[in-house]
Amino acid sequence: MKKLDSFKSWLARLQTFSKLIIRLIDWALLFSIIVVILVMVYDFGFEDTYRDAELFKRFYVSYISFYTGIGSLRFIFNFFHQEKPVRQKIFEFILLILFAGAYELMTQNRSQGWTAFFYEFYPYFVFPLFILVFFYSISKNAASFYRKNMNPAVLLVLTFFILSGVGTLGLLLPNSTFDGISYIDALFTSVSAVCITGLIVADTAETFTFFGQTIILLLMQLGGLGVMTFAGLLGKMFASGVSFQQQMILKETILGDKLSEVMNTIYKIILITFLVEAIGALGIYISTWEYPFDNEWHRIFFAVFHSVSAFCNAGFVLAEEGMLHPYIETNYSFQLVIAVLFIMGGIGFPVVFAFYSQVKNFIRNVFRKIFFKKRFHHLAHTLGINSRLMIWSSLVLTITSILFIALFEWNNTLSHHSFFGKIVGLFFTAATPRSAGFNVVDMTAIAYPTAMFYMLMMWIGASPGGTGGGIKTTTFSISLLNFWNIAKGKENVNIFGREVGQESLRRAYAIISLSIVLMGLFTFLVYSFDGQLALIHIVFEVFSAFNNCGLSLGSSGEFSPESKFILSLAMFAGRVGTLTLLSAFLYKKKKNNYQYPSQEIIF
């Protein structure tokens, strides 16, 4: 009995020691992989001589050797770390095998066969492995950033701020541009990509190299779905799961869903996003078959870039003159693919989820009918009040936009198109102001009533839970319904057989009030720096920036550095949300246990 107790005591001490060693190793790996990623950025971002290239290769081989050795030590101590999940131990073992294989291949005879090929093109094999280790290390240590007293609004603001800063540094690298770029232009472009706005002060196709365009692509994807979405996914996949506190932060920052469904919602967001973007990229690839690309890789990258840009409502285009390029302007199939993508991205993930469920069920029924001769099984009604409100408000706003724009632009900016081209252009032009940022008409030639209407649509924006900006369609719809009820003398707002809560009404009015105040402030600041520009151009640009739309009347490149910085702040404030931004700077006070007597105010 004493021997058994002694053995248990010894085993407990060994486990404690193993935890300490593994923790130290994890921190060492985190620090080392950060250094490696910085070296990779330098390697990609600066021109290298042959001597530098060989030096980088030796550095990467040294790191692979270091990871293989210290990873083997960690693998041994993993046997005594019983709290680690099995999937994490298996993943670490697979990483260890991959690194050992990479070390073996890169240290073999480099002049023979496929080993020479591997050594010559090692970045395509080794760098993805480094990036995988980087994300794995970050996800394992992410829990230390979650604190019980951490304000979710602060965390959300910090993630967008850090991502914008990293993107700025990446775009300033010499290999990111052909002829260099100023700091303020790099900052403006980075914030525009992260905040999925699409305003540009430098032509994306002419200014940025393939490396720079890849950075913009990553910024759009991370900014469109939210950094916290990917952080939650990585934490679930690689680390020891997602804690209760992490789920609370994820719920409050990006999802607003039931706590029990947070991770399931994240999975669906990532899956549907990549699925839709892949299908969209295929559609763009087919629709641009006759476009004069330099090579096949350029064609594929063009398709992927625009699919991500469209679904994320970012509005970046890799063509000179943007969507007004002579080939793209009359490529109506390309325009329809882009329009479908940004509509799906802006309508809100709850609606996309419901649509995805119906399509999946239909495909399953067809399969069962053909191969098993079974009857169709229909799903129950899956659209809640929020999804129904998003669909109806989006539909009404789109139809209203089509009618209004047809009145002023049918014989103006759309006059040189065929009848079918006018229909496509009208649909595209009516849908794009609510956050997409793509334009198939000359914005400098649109009528003033159209410009004013555009500003209204940009302010309303897309639906909540999507990739668009603005105050959101639900906010605008609920406010209109409340105005109507007040005029009719009704006390409550009812919709689809449900009563809208007072908290929702208060938030709607707060969002509207704050957005108007901030847009007025940003307009005042920009006008104070660039008063020589037409006021309509300044107001339009501020509306576009704050509501993350990306449309411009052609004045983006004429603003001073000070105005570009103000517009960057406007994009940032609009993306994180006015209420979120205020919550990040104001502490949440405890609820009072008392209540003052109520008093009506004279209006």
Side-chain angles (χ1 to χ4, degrees), residues 184-185 187-189 191-192 195-201 313-315 322 397 400-401 404-405 407-409 412-413 429-439 441-462 468-473 475-476 479 509 511-578 581:
I184 189 62
D185 287 350
L187 173 66
F188 190 95
T189 304
V191 173
S192 181
C195 298
I196 53 173
T197 303
L199 284 175
I200 59 172
V201 290
N313 281 240
L397 288 171
T400 303
S401 298
F404 188 92
I405 294 174
L407 180 63
F408 292 96
E409 302 300 327
N412 185 26
T413 55
T429 306
T432 193
R434 292 191 297 106
S435 189
F438 295 93
N439 62 290
V441 298
D442 185 1
M443 292 296 296
T444 62
I446 62 174
Y448 275 101
T450 305
M452 299 295 292
F453 184 77
Y454 266 24
M455 286 190 282
L456 174 62
M457 291 295 105
M458 289 190 293
W459 179 59
I460 295 173
I471 63 171
K472 307 303 183 185
T473 55
T475 304
F476 183 74
S479 300
Y509 286 127
I511 291 172
I512 290 175
S513 302
L514 285 171
S515 65
I516 294 175
V517 170
L518 286 178
M519 285 191 297
L521 175 62
F522 290 131
T523 301
F524 170 78
L525 292 174
V526 173
Y527 187 79
S528 64
F529 290 116
D530 291 293
Q532 76 281 1
L533 298 177
L535 182 60
I536 182 69
H537 286 209
I538 294 176
V539 175
F540 194 95
E541 205 81 12
V542 170
F543 267 71
S544 181
F546 181 79
N547 297 294
N548 305 127
C549 180
L551 294 176
S552 174
L553 295 180
S555 301
S556 297
E558 301 178 17
F559 287 103
S560 63
E562 294 81 5
S563 292
K564 292 177 182 177
F565 181 74
I566 297 300
L567 291 172
S568 299
L569 290 179
M571 289 186 285
F572 188 86
R575 181 66 180 102
V576 301
T578 52
L581 198 60

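For this chain, numbers begin at 1 and follow the sequence in order. Note that these values count all heavy atoms, side chains included, but never hydrogens, waters or copies made by symmetry.
- When all heavy atoms are compared, the tightest approach of Met458 to Pro433 is CG-O, 3.2 Å.
- Here the closest non-hydrogen pair linking Val526 and Leu567 is CG2-CD2, 4.2 Å.
- The structure places CD1 of Ile460 at 5.0 Å from CG of Leu397, a figure rounded to the nearest 0.5 Å.
- How far OG of Ser563 is from CZ of Phe522: 12.5 Å, rounded to the nearest 0.5 Å.
- Once rounded to the nearest 0.5 Å, the distance linking CD1 of Ile184 with CD of Glu562 reads 8.5 Å.
- Heavy-atom contacts from other residues, nucleotides or ligands closer than 6.0 Å to OH of Tyr527 number 12 or fewer.
- Under the 30°/60° scheme for interplanar angles, the aromatic rings of Phe404 and Phe453 are found to lie parallel.
- In this structure, Phe572 CZ and Phe546 CZ are separated by 12.5 Å, a value rounded to the nearest 0.5 Å.
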Item to complete: Quick one: do Thr429 and Asn439 satisfy side-chain contact (heavy atoms from CB on, under 4.5 Å)? Show the steps, please.
Response: CA-CA 7 Å; Thr429 306; Asn439 62 290; over 6 Å; no

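- Residues Ile471 and Asn547 come closest through the heavy atom pair N-OD1, 4.4 Å.
- With sequence neighbours excluded, the residues that form a salt bridge (charged side-chain N to carboxylate O under 4.0 Å, His left out) with Asp185 are Lys564.
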**Request:** May I have the step-by-step check of side-chain contact (heavy atoms from CB on, under 4.5 Å) for Ile405 and Tyr454, ending in yes or no?
**Result:** CA-CA 9 Å; Ile405 294 174; Tyr454 266 24; 3.7 Å; yes

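- Across Ile200 and Phe188, no two heavy atoms sit closer than the pair N-CE2, 4.1 Å.
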side-chain contact (heavy atoms from CB on, under 4.5 Å) evaluation trace for Ile538 with Thr523 | CA-CA 7 Å; Ile538 294 176; Thr523 301; 4.3 Å; yes

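- Gly198 approaches Ser192 most closely through the heavy-atom pair N-OG, 2.9 Å.
- Using a distance-only test at 3.5 Å, with no hydrogens or angles considered, a donor-acceptor pair links the side chain of Ser515 to the main chain of Ile512.
- Taking every heavy atom of both residues into account, Phe540 and Leu551 meet most closely at CE2-O, 3.6 Å.
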Residue pair Phe559, Leu533: steps toward the side-chain contact (heavy atoms from CB on, under 4.5 Å) verdict: CA-CA 8 Å; Phe559 287 103; Leu533 298 177; 3.6 Å; yes

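- Of the inter-residue distances, the one linking Phe565 atom CZ with Ser568 atom OG reads 7.5 Å to the nearest 0.5 angstrom.
- Environment of OH in Tyr509: crowded, with over 12 heavy atoms of neighbouring residues, nucleotides or ligands closer than 6.0 Å.
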Result block: side-chain N/O donor-acceptor pairs under 3.5 angstrom for residues 443-452, not counting sequence neighbours:
| unit_1 | atom_1 | unit_2 | atom_2 | d |
| --- | --- | --- | --- | --- |
| Thr444 | OG1 | Asp442 | OD1 | 2.6 |
| Thr444 | OG1 | Asp442 | OD2 | 3.2 |
| Thr450 | OG1 | Glu409 | OE2 | 2.6 |

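- Proximity of a side-chain donor or acceptor of Asn548 to a complementary backbone N or O of Arg575 within less than 3.5 Å is detected.
- Residue pairs meeting the side chain to side chain donor-acceptor pair (under 3.5 Å) criterion with at least one member in residues 531-544, sequence neighbours excluded: Asp530-Gln532, His537-Ser555, Glu541-Ser552, Glu541-Ser556.
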